[in-house]
Amino acid sequence: MINMMESAKAQVAELVSAAYEKAEAEGALPRAEAPINGGVEATKDPRNGDYASSFALTGAKALKMKPRDVALEICSRLDFAGSYFASADIAGPGFINFTLGPSWYSAVLGAIDSERADYGETDMGKGEKVMVEFVSANPTGPMTIGNARGGVLGDTLASVLEKTGHSVWREFYVNDAGNQVDLFGKSIEARYIQLLHGEDAVEFPENGYHGDDIKALAQMIYDKDGDKYDNMDSDERCKALVEFALPYNIAQMKKHLERYRIRFDKWFLESTLHESGYIEETVAILEKGGHTYEKDGALWLRNTDFGAEKDECLRRSNGFYTYYAVDIAYHRNKFVARGFDRVIDVWGADHHGHAIRFKASMKDPALGIDADKLDFVIMQMVRLVRDGETIKVSKRTGKALTLNDLLDEISVDACRFFFNAKPDTHLEFDLGLAVREDSENPVYYVQYAHARICSLVKMLAEEGFEVPGMASADASLLSDEPAVNVVKTLARYPDELRTAARDYDPSRINRYLVELAAAFHKFYNADRIKGEEVPVLLARLKLADCVRTVLENALSVIGVSAPEHM
RNA sequence: GCGGCUGUAGCUCAGUUGGAUAGAGUGUUUGGCUACGAACCAAAAGGUCGCGGGUUCGAAUCCCUCCAGCCGUACCA
């Protein structure tokens, strides 16, 4: 739970305010009427030191002085004794730039040395019980490339939340009831009858599922049970076919997601909400709450009462509940029945409108839910492209590239790295480039750094140099720029995790990994280890080993392997 | 029409919530292994941050008008 950046930042603020108080006591600076809110930031450019305080800039107005003059008075009164810092100077319009010293390098390596696989973890979540619901693909067909993205995003976000002190629950919501399932049954039925009586024996349902997977299911059923269902009435037959096909598809999804290194704590079946009467109960509660009305025999939720653009149908005039009512029941189940403190739904952009309206519905006081505790991560669609042309993807027409096909062509590591992108980006996936994407994927750059360190450590061990403990590793010997840069990058890791958790943006970890690998490769090329004087050798070996630890930690968060050889 | 997301180097994308000369990767050009893994490193070139206004010490970032692309706007899910 050590965060070296946080402690360094806090020190800057303390040093500055101590200096200001001293200046004020000595009459060099006037007393500010309100506390000066001087921010501390990590600098972008190392030429500007490591941390910059904007105290003089923000305080200039209140003190009625020029920023640079304020900075001058502060700077001359800074006392670095016992701090991580070695010096400070004034730059630009009045920034006070602080530069870290060797005591800080040592503390960073010490933190990694003592925390090992736990380095980077924080308790910011304070054990909050969070559900991340993701993928939740319709079980009426194989998962698509969009699900590949959602799977990585949800799983990685969940990992990031775990590392930041949340109690995380991964859930897959299975739509095993409703219209889509009926249509699924009718589609299999048609293929089954065609199998028995020829292509023209029956008309394929309009809007039916045309994919080859439906034919395969019909064939499987035929191979197992022959013409057993031929003489049943249609409803009964569809029911029987679905009873085989649905569990089969769900098992396939589980298998394929496992191959993708994704596991769920629960596969929540929509049908259980119907069977237990939970939907009826929930709708009854909504009715009692007074924000519903009947129109043309259907029941509506007056969603406009909660700021939404339109009302929503809860129960159709035929008596069936809409997906909307089911969704409300499901979320009431998450919050009320199961007591999650926070729920995050990872949805595709095609559900964005629904997410906004749905969130409004959560404000209905009858539900007893704090709508602010429901968050959405909306990810933009993945455009599937071949030779520069967009391919329309649809489960209905069966033209999708499946997640499983994808993994046949590209390694899981490359795939997970590629899809761990910022949710907002409109990703383009080029089928023609898929194989090339493999060798270009920066994941190999990161993994290479890890493999390099592994063989380095192994080779040095053969020469009798084990990775030293902190007592035998003198961090002050790591004073050259490439080595210092590695230390600084290592120190950032806990902060990267925190920001990723706060912003629901696990793709930060990807970028961090590339930066850490780059810092290491640069160091490795600039500084030799083998053959150096023993103290220098040990210090650099220790640094390399710390890089290995942090690479492993961060790679495991995004579900990518850290190979010893490549 | 209304709502959401996006627009930054030839291409793919960052930009730490308003900070210093806008950065990486890739591609192009050039250099570096009789040396711990060259799947690496170094250097060059490449920009009206979609357009135009506004807010202030200071804007890619905040506000407004337009332009373009994608996604929504069902008694489907």
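Naming: A, B, ... by sequence-line order, numbering from 1 per chain.
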Sugar-phosphate only, base, or nothing, as touched by A:Ala349 at under 4.0 Å among non-hydrogen atoms: sugar-phosphate

Sugar-phosphate, base or nothing in reach of A:Arg498, heavy atoms under 4.0 Å: nothing

Aromatic ring pairing A:Trp347/A:His354, orientation class (parallel under 30°, perpendicular over 60°, tilted between): parallel

Spacing of A:Glu496 atom CD relative to B:U16 atom P, expressed in whole Å: 12 Å

Nearest to side-chain heavy atoms of A:Trp300, which nucleotide of B:C13, B:C75, B:C36: B:C75

No-hydrogen, no-angle side-chain donor-acceptor test under 3.5 Å, A:Asp305 and A:His291: yes

Interatomic distance, A:Phe358 CZ vs B:A74 P [rounded to whole Å]: 18 Å

Heavy-atom donor-acceptor pair, A:Tyr448 side-chain to B:A39 base, under 3.5 Å: no

Paired nucleotide for B:C75 [Watson-Crick or G-U wobble; both distances under 3.5 Å]: none

Presence of A:Tyr51 side-chain N/O under 4.0 Å of B:U16 phosphate oxygens OP1/OP2: no

Separation of atom CG in A:Asn525 from atom C1' in B:C36, rounded to whole Å: 11 Å

Sugar-phosphate only, base, or nothing, as touched by A:Met566 at under 4.0 Å among non-hydrogen atoms: base

B:C75 phosphate, OP1 or OP2, under 4.0 Å from A:Lys295 side-chain N/O: no

Between B:G15 (C1') and A:Asp424 (CG): distance, integer Å: 14 Å

Whether A:Phe358 and A:Tyr324 hold their rings parallel, tilted or perpendicular, with breakpoints at 30° and 60°: perpendicular

Under 3.5 Å donor-acceptor pair, A:Ser317 side-chain atoms to B:C75 base atoms: yes

Who pairs with B:U65 - Watson-Crick or G-U, where each distance is under 3.5 Å: none

Selection from B:A77, B:C75, B:C5 that lies nearest to any side-chain heavy atom of A:Gln380: B:C5

base_contact_polar (B:C5 base, A:His426 side chain, donor-acceptor, <3.5 Å): yes

Under-4.0 Å side-chain N/O to phosphate OP1/OP2 contact, A:Arg452 with B:A38: yes

Rounded distance (Å) that lies between atom P of B:C76 and atom CZ of A:Arg316: 4 Å

Distance below 4.0 Å between A:Lys422 side-chain N/O and B:C5 OP1 or OP2: no

Nearest-nucleotide pick for A:Tyr524, side chain only, options being B:G37, B:A77, B:A14: B:G37

Touch class at under 4.0 angstrom, heavy-atom based, for A:Glu463 against every strand present: nothing

